[in-house]
Structures are given as C-alpha cells and as structure tokens.
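Below is a structure I'd like to ask you about.
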Amino acid sequence: MYFNAHTIFFATLSLATTLISAHGKVAAVAGDAGGNGTAIGIQGGIVPGPGKNKVTEVDTTVFGKTQIASNGLGKTQGQGQNKAAMVAATMDQSGATLPQVSDGGNITGTFHVVTTDGAGPVKAMIDPTATGQFADGVQANVVTDVPGNRGNIKPNGNVPRGLSYWALRARGLVKRASNVNMDFPINIAVPAGTTCSGTVAGQQNVCFMKIANSNNAGPFGGVIAFQMAGSGAATGNTTAAGRTAGATAGTAGTASTASTKGTKVAKGATAKRFVA
C-alpha cells in the first residue's frame, strides 16, 4: 500500500506517509446467528500469505483518518476506493447469506496480520445505514482483540515492548515490515437494540461495521456488512452466479482454529525498507 501503518512520533509523519503500508486485514467473519462474510476489497486466496509486501498487501484496506468514528470505506492498492456495491463480491466469496447477528450478539472472525506493522489493537464502529457514515454510528465493544503494540508485532507473533524498541524504529534504525502471515481471532459485540436500514448489493436491512487500528499515518483494517437476525431480510441475494453458501474468503482460516497467539501459516520474506 502507499501509506505507513505505524508511526510513533508526530515529527515523523511527513516521511512516514511516503512509505508503503497497511499490513492487516479482516479476512473472514461470521454472525452468532449464522451467515459468513469478509471485508470489502478482499480478493481471497489469489493473494499470497508469504512473500514480498507488494504482493501480500494488495487487498488490505487503508482509511483516511485515525478516528474510528470517521466517514468513508477506505481503499486498497489492488482495487482503489472501496464502494458499497463491492459487498456483492464478498458474497461471491463467502456465500449468499451475510453474517446474521442476534440482538446483543456478536461478530466473530479472523484478522490476518500480513506484516509486522499490521497488528492491533483495533476498534469497531457500526453504521446502521450502510453508507459509510461512521461519524454518526455506534461504537461496538471489541471483546477479543488483535495482539500488538501500537500496531506492531514481531514475525513470531510476540508483541514488542520497551521504549528503546520504539525509539530505534522512529529513527529508522530498525527495519520494518517483515512478513508475519498469521491469523488472530476477533470477537466484536454488537450493542443490543441495533437496527440496520441500509440497502446494498440487493440486500436490505444491512449495517456496515468498520474494524480498524488508529495509527497516525494510515489506519488499516476493513469494513464488513451484516444483518440483524430476524430482520426480514436475512435470506441473502441468490441471484448472482457462483455464490456458494458457507464458503469463507481471504487467506485466513476460521477464528475457531486460531489461538490467542495466532497460527503461523508460512515463513515469509523480509521487506528491505526502513520505518519512519
């Protein structure tokens, strides 16, 4: 991507924004009442897990502002600006039924950390209109979070600690963005009483949920679509050819198979770049 997914000091921002970034994505989600999905912009298994950043980061969403309550669906390197209509493509990958959430229920899934500057913690915001108006939305509670320290994680899945580490990275003395290729479970509680009113990709009563970090120079994550169970529009759009119910998208596995320390998928390459 063309944004840095980690920075510590404000003085480094002008340099940080010139580096490619955004190394974590919402690979697969499910509702507690059924249905499957993935983030808008995810290209599925065609994107490799290990390898050079330019080929592993293409479907990671980068947002324009660090505040979780900010408008917009973000963009990816591979497909440009995300659009609500792209929900149809997520259903092609994940099945005809969007994630279904009971009243006071949960969204669970897999957050795929691509490289060492694409980890947690994350926040979640719900837009009941499914238009990207998250500034007017409702914040959801992240019950199971993605590990990380200010967006950083080590290639082995351990969380880096210590002021000296951050100081070295801020001064460009520690190389960044080594391939991690790990899956971490995520669990987000949808507030009781949530109602969805959006119409997207032939689906009615749809909400959007933005899941993102809050890095100063390009927060990353993704936007998913879901419905409240029993809303009268939980049958899915079965008109698009090629949709297979129950299929999951992305390079990640299911949340139920990922431990709290993640699952190492493959050993990846180390990018030869410096962090700002």
Side-chain angles (χ1 to χ4, degrees), residues 1-27 29 38-42 53 56-83 86 107 109-127 131-142 144-153 159-160 166 169-170 176-177 180 182 184 186 188 208-225 250 252 273 275-276:
M1 313 300 293
Y2 293 94
F3 302 86
N4 191 317
H6 168 68
T7 188
I8 304 167
F9 302 107
F10 290 105
T12 67
L13 291 181
S14 60
L15 175 60
T17 54
T18 66
L19 302 174
I20 65 176
S21 74
H23 311 141
K25 57 189 178 184
V26 183
V29 290
T38 189
I40 295 172
I42 293 292
N53 291 8
T56 60
E57 299 170 353
V58 295
D59 62 347
T60 303
T61 292
V62 183
F63 297 100
K65 295 183 179 180
T66 58
Q67 297 89 350
I68 191 66
S70 56
N71 295 333
L73 302 178
K75 61 183 178 181
T76 67
Q77 183 184 20
Q79 301 184 78
Q81 200 72 34
N82 287 333
K83 299 177 178 62
M86 290 179 174
I107 289 284
T110 301
F111 192 98
H112 186 70
V113 176
V114 181
T115 55
T116 49
D117 56 359
V122 298
K123 294 180 180 180
M125 199 78 181
I126 296 172
D127 166 25
T131 60
Q133 298 299 307
F134 295 103
D136 300 322
V138 178
Q139 189 161 351
N141 181 38
V142 179
T144 302
D145 208 339
V146 181
N149 191 337
R150 296 171 181 167
N152 282 271
I153 200 167
V159 177
W166 302 113
R169 288 192 61 142
R176 70 162 177 92
V180 176
M182 279 189 177
F184 293 93
I186 191 167
I188 300 170
F208 278 166
M209 178 186 286
K210 175 182 178 182
I211 304 169
N213 205 312
S214 56
N215 293 312
N216 286 307
F220 63 91
V223 173
I224 66 164
R273 298 194 303 262
V275 68

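Note that the coordinates shown come from a computational prediction; the quantities given were computed from them, not determined experimentally.
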Original post:
Shortest non-hydrogen contact from Lys65 to Ser70?
Top reply: CB-OG, 3.7 Å

Subject >> Asn152 side-chain N/O to Val159 backbone N/O, donor-acceptor pair under 3.5 Å >> reply: no

Subject >> Test side-chain hydrogen bond (donor to acceptor under 3.5 Å, both in side chains) applied to Asp145 - qualifying residues, sequence neighbours left out >> reply: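 For Asp145, no residue satisfies side-chain hydrogen bond (donor to acceptor under 3.5 Å, both in side chains) once neighbours in sequence are set aside.
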
Original post:
To the nearest 0.5 Å, how far apart are CG in Asp136 and CE in Met125?
Top reply: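 Going from the CG atom of Asp136 to the CE atom of Met125 covers 8.5 Å.
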
Original post:
Is a side-chain N or O of Asp59 found less than 3.5 angstrom from the main chain of Gly78, in a donor-acceptor match?
Top reply: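 Not confirmed, Asp59 side chain does not pair with Gly78 backbone.
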
**OP:** Compare every heavy atom of Ile153 with every heavy atom of Pro160, then report the nearest pair and how far apart it is.
**Re:** CD-CA, 3.6 Å

Subject >> Ala212: partners by side chain to side chain contact (heavy atoms under 4.5 Å, CB included), with sequence neighbours left out >> reply: Phe63, Ile68, Lys210

Original post:
Would you say the side chain of Thr76 lies within less than 4.5 Å of the side chain of Asn82, judging by non-hydrogen atoms?
Top reply: yes

Original post:
To the nearest 0.5 Å, how far apart are OG1 in Thr60 and CD1 in Ile42?
Top reply: 6.5 Å

**OP:** Compare every heavy atom of Ala119 with every heavy atom of Val146, then report the nearest pair and how far apart it is.
**Re:**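 For Val146 versus Ala119, the nearest heavy atoms are CG1-C, 4.2 Å.
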
Subject >> Heavy-atom pair of closest approach, residues Gly222 and Ala39 >> reply: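 In terms of heavy atoms, the two residues are closest at CA-CB, 4.0 Å.
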
**OP:** With rounding to the nearest 0.5 Å, note down the distance linking NZ in Lys83 to NZ in Lys75.
**Re:**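 Output value for this atom pair is 11.5 Å.
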
Subject >> Within-4.5 Å side-chain heavy-atom neighbours: Phe134 and Leu73 >> reply: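 When only atoms from C-beta onward are counted, Leu73 and Phe134 do touch, with a gap below 4.5 Å.
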
**OP:** Please report the shortest heavy-atom distance between Gln79 and Gly41, naming the atom on each side.
**Re:**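 Nearest pair, atom of Gln79 first, then Gly41: NE2-O, 3.0 Å.
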
Original post:
Roughly how far apart are Thr56 OG1 and His112 NE2, rounded to 0.5 Å?
Top reply: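 Spacing of OG1 (Thr56) from NE2 (His112) equals 8.0 Å.
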
Subject >> Rounded distance [0.5 Å steps], CG in Asn213 versus CZ in Phe111 >> reply: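 Asn213 CG to Phe111 CZ: 7.5 Å, rounded to 0.5 Å.
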
Subject >> For Gln133, side-chain hydrogen bond (donor to acceptor under 3.5 Å, both in side chains) partners two or more places apart >> reply: Asn71

Subject >> Euclidean distance, Thr61 OG1 relative to Gln81 CD, rounded to 0.5 Å >> reply: 9.5 Å

